[in-house]
Visitor: 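This is the structure, below, for whatever I ask next.
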Amino acid sequence: MDRPKRSVAAAPPFLPDDALVEILSRLHAKSLCRFKCVSKSWHDLIAGRLRCNRLPQTLEGFFYAYDGTSDAGGGVSPDRAVHGRFINTLGKSAPLASLSFLGKQPGIEDFAPLRSCNGLLLLGHRRAGDSYDSLGYIVCNPATEQWVTVPSSGWKPFSLLDLVEIEDPDSYTERRSRFTYLIFDPVVSSHFQLAEFCIWMDGGQFVEHVHTYSSETGVWKPYNCTYESGLDEAWVTSFFAGSALINGMLHFSVTRFDIGQELIVSVDGGGMDCRFISSPEKQADVAFVGQSQGRLHYMTQHRDSTSEMTQLSIWVLQDYDAEKWVVKHSVTFLQLFGRMNCDVVFDYKVVAIHPDRNSIFFVQWWDLKLKSYDMDSKEVCTLRILGFEPQNIVPYVPSFAESSALANKY
């Protein structure tokens with residue numbers, strides 16, 4: 001008997017580009033890059049949408065600096081290598097981002113994450129045989145494994161504080177250090193900029209010098225921030241409270257002691273433009289400055305009648321030009337930490353605000369837990385018990401578009 005003929009399966013229905021983009025946008029950066037090899041149409045679609053920023057990624061987790069040989073509470077000594085470890089916040093199914101490709105580069109001995117901006121990471125580093133006084137930087141993209149070194153600005157530090165920024169600056173007196181920020185907006189340019197604030201600490205953080213660097217010119221240049229922008233000994237910077245890139249400008253908090261007022265300073269990467277923005281409260285203890293959903297956010301601690309810190313308020317700059325702030329959310333420290341009162345220096349540190357959700361992330365110092373708080377559900381979640389005190393915690397949102405400004409690739 002003749003065997004019945006098998007029916008030929010119908011070709012799968014054609015997916016329109018918008019539906020395919022919706023599916024692909026849910027993939028991890030490395031998986032998405034591999035799918036460019038499926039076909040020419042997929043390659044063109046993924047590459048084109050990447051360049052147009054139409055496949056946005058979300059917060060995947062955090063890189064943090066750690067001393068690979070120290071235990072809980074251990075410090076960083078000059079003879080120990082410092083590297084970057086990743087905390088995944090998307091679940092077990094998501095691949096872990098890594099900086100292992102940098103460890104394979106000859107001559108790079110120590111490196112530590114300092115900042116992140118639109119998919120790029122800024123690392124402090126030294127080469128084997130160099131002293132920490134010759135510290136330079138690495139700017140890299142973990143998703144594409146591209147990287148480039150940036151030489152030292154030439155400013156001489158006094159200690160290892162330049163490699164890993166300290167969490168409690170007030171515990172050091174008459175010391176000098178630097179806080180360096182990465183400025184990168186792929187919509188404006190493929191080049192990045194660095195803004196290096198050299199400070200001296202004596203019961204506060206005071207700006208002494210400012211240097212800026214552009215990957216386009218490859219040159220550091222000084223900027224006399226003290227006189228040209230009005231920052232002087234009356235201003236105390238709050239670098240521990242984070243920063244935000246809004247409208248191509250870097251924003252961070254300062255306190256003006258002579259009038260007792262909190263302000264936000266915005267500067268451009270070229271050091272040519274500077275603006276002061278009024279904070280939502282003239283007298284408040286700033287806890288964090290960040291960017292979420294395209295707007296500037298400002299977090300403050302509030303005291304009760306006994307002068308104890310008992311509440312955290314999250315403000316959003318509703319109208320940037322008019323400097324109109326509104327309270328987005330308030331939460332008591334009892335709900336956040338299970339304690340009636342806390343302090344941003346000694347008890348906790350806000351490390352990030354979610355770029356597209358109403359969530360904040362913080363570390364409880366007494367038990368070294370990384371936690372999240374959802375403003376909508378009012379839920380507090382423990383993401384990770386760190387096991388030892390991290391030196392820096394840097395949020396990471398991947399970008400898998402290759403950049404000509406990052407010349408090296410492993």
Side-chain angles (χ1 to χ4, degrees), residues 59 61-66 71-75 85 87-91 165-171 238-244 252-253 255 262 279-281 283-292 297-316 325-355 357-396:
L59 180 73
F62 298 86
F63 281 100
Y64 65 100
Y66 75 99
D71 53 10
R85 183 175 290 177
I87 299 173
N88 177 20
T89 59
L90 293 183
E165 296 166 3
I166 55 176
E167 297 292 347
D168 181 12
D170 292 335
S171 66
S238 304
F239 291 121
F240 73 90
S243 63
F252 58 91
S253 178
T255 302
E262 297 283 340
S279 64
E281 299 175 289
Q283 294 182 339
D285 289 277
V286 60
F288 188 75
V289 176
Q291 181 275 140
S292 179
H297 285 64
Y298 190 87
M299 302 183 199
T300 58
Q301 300 180 122
H302 287 274
R303 301 176 186 270
D304 62 9
S305 58
T306 64
S307 296
E308 296 286 351
M309 300 291 186
T310 60
Q311 180 175 286
L312 185 70
S313 293
I314 297 99
W315 299 77
V316 58
W325 293 92
V326 297
V327 178
K328 184 173 186 176
H329 190 80
S330 293
V331 58
T332 65
F333 286 157
L334 182 62
Q335 183 176 350
L336 274 181
F337 307 111
R339 295 185 176 186
M340 290 295 297
N341 54 77
C342 288
D343 183 83
V344 71
V345 174
F346 301 104
D347 297 319
Y348 76 99
K349 177 180 174 64
V350 180
V351 296
I353 183 169
H354 201 286
R357 298 177 189 170
N358 295 325
S359 300
I360 64 173
F361 302 85
F362 58 92
V363 174
Q364 289 181 174
W365 289 131
W366 62 83
D367 57 7
L368 297 177
K369 289 182 178 179
L370 175 65
K371 291 187 169 185
S372 66
Y373 173 72
D374 189 297
M375 300 178 217
D376 298 324
S377 66
K378 299 182 181 179
E379 183 180 7
V380 179
C381 294
T382 298
L383 303 176
R384 179 71 61 88
I385 299 176
L386 299 176
F388 51 86
E389 185 171 333
Q391 302 299 324
N392 289 309
I393 298 183
V394 178
Y396 175 61

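Side chains included, hydrogens not; waters and symmetry mates left out as well; all remaining heavy atoms used.
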Visitor: Phe288 and Ala352: which non-hydrogen atoms are nearest, and at how many Å?
Guide: CZ-CA, 3.7 Å
Visitor: In Å, rounded to the nearest 0.5 Å, how long is the span from CG of Asp347 to CZ of Arg339?
Guide: 6.0 Å
Visitor: Ignoring hydrogens and geometry, is there a side-chain-to-backbone donor-acceptor pair from Thr382 to Arg384 under 3.5 Å?
Guide: no
Visitor: Report the distance from atom CD1 of Ile314 to atom CD1 of Ile360, rounding to the nearest 0.5 Å.
Guide: 5.0 Å
Visitor: Tell me, please, which residues at least two apart from Tyr298 pass side chain to side chain donor-acceptor pair (under 3.5 Å).
Guide: none
Visitor: To check you understand the geometry: which heavy-atom pair defines the closest contact between Leu312 and Ala287, and what is its length?
Guide: CD1-CB, 3.8 Å
Visitor: Hey, does Trp315 have a side-chain heavy atom less than 4.5 Å from the side chain of Val326?
Guide: no
Visitor: Is any side-chain heavy atom of Phe62 closer than 4.5 Å to one of Val394?
Guide: no
Visitor: Taking atom CG of Leu59 and atom OG of Ser372, what is their separation to the nearest 0.5 Å?
Guide: 10.5 Å
Visitor: I'd like to know whether the aromatic ring centres of Phe362 and Tyr348 sit less than 6.0 Å apart in this structure.
Guide: no
Visitor: Calculate, to the nearest 0.5 Å, the distance between atoms CG and OH belonging to Asn392 and Tyr64 respectively.
Guide: 12.5 Å
Visitor: Considering all heavy atoms of both residues, which atom of Ala244 and which atom of Gly290 are nearest to each other, and what is their separation?
Guide: CB-C, 3.5 Å
Visitor: Please say which of Ile353, Val350, Leu383, Ile393 ends up in a side-chain contact (heavy atoms from CB on, under 4.5 Å) with Phe361.
Guide: Leu383
Visitor: Salt bridge (Lys or Arg N to Asp or Glu O under 4.0 Å) with Arg303: which residues, sequence neighbours excluded?
Guide: Asp285
Visitor: Just verifying a value: how many Å separate Lys349 NZ and Phe240 CZ, rounded to the nearest 0.5 Å?
Guide: 7.5 Å
Visitor: Donor-acceptor pair, distance only, cut-off 3.5 Å: does the side chain of Ser279 make one with the backbone of Glu262?
Guide: yes
Visitor: Once you round to the nearest 0.5 Å, how far does CD of Gln301 lie from CE of Met309?
Guide: 4.5 Å
Visitor: Starting from the C-alpha separation in whole Å, work towards a yes-or-no answer on side chain to side chain contact (heavy atoms under 4.5 Å, CB included) for Arg357 and Met375.
Guide: CA-CA 9 Å; Arg357 298 177 189 170; Met375 300 178 217; over 6 Å; no
Visitor: Side chains of Ile385 and Leu370: does their closest heavy-atom pair fall under 4.5 Å?
Guide: no
Visitor: Enumerate donor-acceptor pairs with a distance under 3.5 Å from any side-chain N or O in residues 328-338 to protein atoms, sequence neighbours excluded.
Guide:
| from | atom 1 | to | atom 2 | distance (Å) |
| --- | --- | --- | --- | --- |
| Lys328 | NZ | His297 | NE2 | 3.0 |
| Lys328 | NZ | Asn358 | OD1 | 2.8 |
| His329 | NE2 | Tyr373 | OH | 2.7 |
| Ser330 | OG | Ser313 | OG | 3.2 |
| Thr332 | OG1 | Gln335 | N | 3.2 |
| Gln335 | NE2 | Lys378 | O | 3.2 |

